[in-house]
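Since the structure is predicted, the reported quantities are computational estimates derived from the model, not experimental observations.
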Amino acid sequence: MKIRLNSQLFNLDFTLCCGQTFRWENRDGWWYGVVKERVFKTRQIDDGLEFENVDAAFVKNYFGLDEDLSKILVEIGKDEHVKVAAETFKGLRIIRQDPWECLISYICATYKSIPAIKQMIFKLSSQFGGKAVFEGQDFHAFPTPAALANASIEKLKNCGLGYRARYVLETARKIDDEAVNLEKLKRANYEEARCRLLELSGVGLKVADCILLFSLDKKESFPVDVWIKRAIMRHYADHFPKEFIEKISAERSPTNQEYERLNLFGRQYFGRYAGYAQEYLYHYERTRNSTSQS
DNA sequence: CAAGTGCCTTTATC
DNA sequence: AGATAAAGGCACT
């Protein structure tokens with residue numbers, strides 16, 4: 001199957017390589033992914049987006065193709081710097097990930113590099129996820145809440161989680177017990193959903209903001225990681241007192257109070273699509289000097 | 001090539 | 001309350 005779209009307004013490679021999602025694999029020019037229980041493949045050639053084993057409605061929803069990107073770019077285009085970043089990665093969109101997979105992925109992602117995160121998630125899936133065969137090849141679904149809730153700390157640690165194993169186990173149990181319903185959080189507002197996520201083990205402000213942005217449809221969310229902190233110090237320092245910038249540049253990661261200040265700046269300055277600005281700035285800052293890292 | 005540094009931070013403990 | 005330390009291990013330099 002194939003849908004036509006404006007390649008200026010969607011770029012599959014940027015979307016899958018920018019670090020928002022960890023489980024897509026490129027083989028022979030096709031991207032293979034597993035979403036919930038389903039394996040599908042997709043590729044983009046100019047204005048055509050091809051896909052197999054999934055329907056067009058799903059693809060449009062998953063890649064956020066229903067959102068008016070040109071309108072978003074106008075809204076977040078507050079200055080030359082973000083405009084250049086958005087222009088550089090034209091067509092990068094924020095995916096609507098499965099909230100459960102997103103939650104566990106970002107708990108695992110704390111204080112890890114992207115290749116390491118991919119490895120953890122891959123190992124978790126092959127150990128605890130259901131097998132799915134597609135085109136004669138083995139894929140694995142992301143483990144269900146029950147599968148991780150019943151896993152042992154040791155086996156989780158074997159997947160490279162380290163001290164995160166306990167957080168994953170505790171959070172998986174809460175989700176499995178339905179103490180928190182992730183789907184319901186899609187309908188809650190940003191503040192409310194954020195509070196609920198923060199009750200989960202291993203979820204701090206940054207992780208919560210990532211889950212809100214990438215899986216709960218809160219495009220106003222503005223996760224602040226080391227790269228965004230650097231981008232703000234480099235390009236938006238004049239929006240803060242000098243002492244504040246000096247203070248955060250000395251530290252390795254911001255305190256909750258400092259985080260909230262940076263986060264609030266992002267949301268107020270860029271507006272309701274601050275999350276899009278965040279992704280462009282993040283990816284631009286990360287690729288600024290380096291040639292490697294997928 | 002080896003060793004050091006950094007990583008899409010959170011939690012526990014002072 | 002607010003700062004500080006501890007917590008894998010992989011990948012890049």
Residue matched to B:dA12 through Watson-Crick or wobble contacts both under 3.5 angstrom = C:dT4
query = What nucleotide, of B:dG6, B:dC8, B:dT11, holds the atom closest to the side chain of A:Arg230?
reply = B:dG6
key: Interatomic distance, A:Asn263 CG vs B:dC8 P [rounded to whole Å]   = 19 Å
query = Which value, in whole Å, describes the distance between the C1' atoms of nucleotides B:dC1 and C:dA11?
reply = 15 Å
inquiry  = Classify A:Leu205 by what it touches in the nucleic acid, base, sugar-phosphate, or nothing, heavy-atom distance under 4.0 Å.
reply    = sugar-phosphate
Side chain of A:Glu279 (C-beta onward), nearest among C:dG8, C:dA3, B:dC8 = B:dC8
inquiry  = Could you tell me how far apart A:Tyr106 (OH) and B:dC7 (C1') are, to the nearest whole angstrom?
reply    = 14 Å
key: Reference residue A:Glu191; test salt bridge (Lys or Arg N to Asp or Glu O under 4.0 Å); the match among A:Lys218, A:Arg267, A:Arg196   = A:Arg267
ask   = Any side-chain N or O of A:Arg166 under 4.0 Å from OP1/OP2 of B:dA12?
value = yes
query = Hey, is the main chain of A:Glu246 close enough, under 3.5 Å, to the side chain of A:Ser249 for a donor-acceptor pair?
reply = yes
inquiry  = Please report the distance, rounded to the nearest Å, between NZ in A:Lys157 and C1' in C:dA7.
reply    = 10 Å
request  = Name the closest nucleotide to the A:Pro115 side chain, picking from C:dA7, B:dC8, C:dA11.
outcome  = C:dA11
task = Starting at atom CD of A:Gln119, determine the distance to atom P of B:dC7, rounded to an integer number of angstrom.
result = 19 Å
inquiry  = From C-beta outward on A:Gln257, which listed nucleotide comes closest to its side chain: C:dG2, C:dA11, B:dT10?
reply    = C:dG2
ask   = Which class fits the ring pair A:Trp24 and A:Tyr62: parallel under 30°, tilted 30 to 60°, perpendicular over 60°?
value = tilted
request  = Check the distance between B:dC8's P and A:Tyr259's OH and give it to me in whole angstrom.
outcome  = 15 Å
query = Distance between the P atoms of C:dC10 and B:dT10, in whole angstroms?
reply = 22 Å
query = Do we see A:Tyr163 stacking on the base of C:dG8, given a limit of 5.5 Å between centres and 30° between planes?
reply = no
message = We want to know whether A:Glu75 and A:Tyr276 form a side-chain donor-acceptor pair, criterion being a heavy-atom distance below 3.5 angstrom.
response = no
query = Can you check the A:Arg164 CZ to C:dA6 C1' distance for me, whole Å?
reply = 12 Å
Pairwise P distance for B:dC8 and C:dA6, with rounding to whole Å = 23 Å
note = Between A:Asp225 and A:Leu198, the residue closer to the 5' end of DNA chain B by nearest nucleotide is A:Asp225
task = Select one nucleotide: of B:dC7, B:dC8, B:dT10, the one nearest the side-chain heavy atoms of A:Cys210.
result = B:dC8
key: Side chain of A:Lys112 (C-beta onward), nearest among C:dG8, C:dG2, B:dT9   = C:dG8
task = Test A:Tyr236 against every option in A:Ile245, A:Val82, A:Leu262 by the side chain to side chain contact (heavy atoms under 4.5 Å, CB included) rule and name the one that passes.
result = A:Val82
key: Nearest-angstrom distance from the residue atom CD of A:Glu170 to C1' of B:dT11   = 11 Å
ask   = When the distance from CG of A:Leu281 to C1' of B:dC8 is rounded to whole Å, what number comes out?
value = 14 Å
task = Might you confirm whether atom CG of A:Asn6 has over 12 heavy atoms from other residues, nucleotides or ligands at distances under 6.0 Å?
result = yes
ask   = For A:Val203, which contact category applies under a 4.0 Å heavy-atom criterion: base, sugar-phosphate, or nothing?
value = sugar-phosphate
ask   = Within the structure shown, what part of the strands sits under 4.0 Å from A:Gln20 by heavy-atom distance: base, sugar-phosphate, or nothing?
value = base
note = The glycosidic conformation of B:dG4, counting syn as within 90° of 0 and anti otherwise, is anti
ask   = Touch check for A:Ile211, heavy atoms < 4.0 angstrom, all strands: base, sugar-phosphate only, or nothing?
value = nothing
task = Have a look at A:Gly160 and say if it touches a base, only the backbone sugar-phosphate, or nothing, with a 4.0 Å heavy-atom cut-off.
result = nothing
request  = Would you mind telling me which residue lines up with the more 5' stretch of DNA chain B, A:Gly202 or A:Thr21, judged by nearest nucleotide?
outcome  = A:Thr21
inquiry  = Whether the side chain of A:Asp177 engages the backbone of A:Ala179 through a donor-acceptor N/O pair (distance < 3.5 Å, no angle test) should be reported.
reply    = no
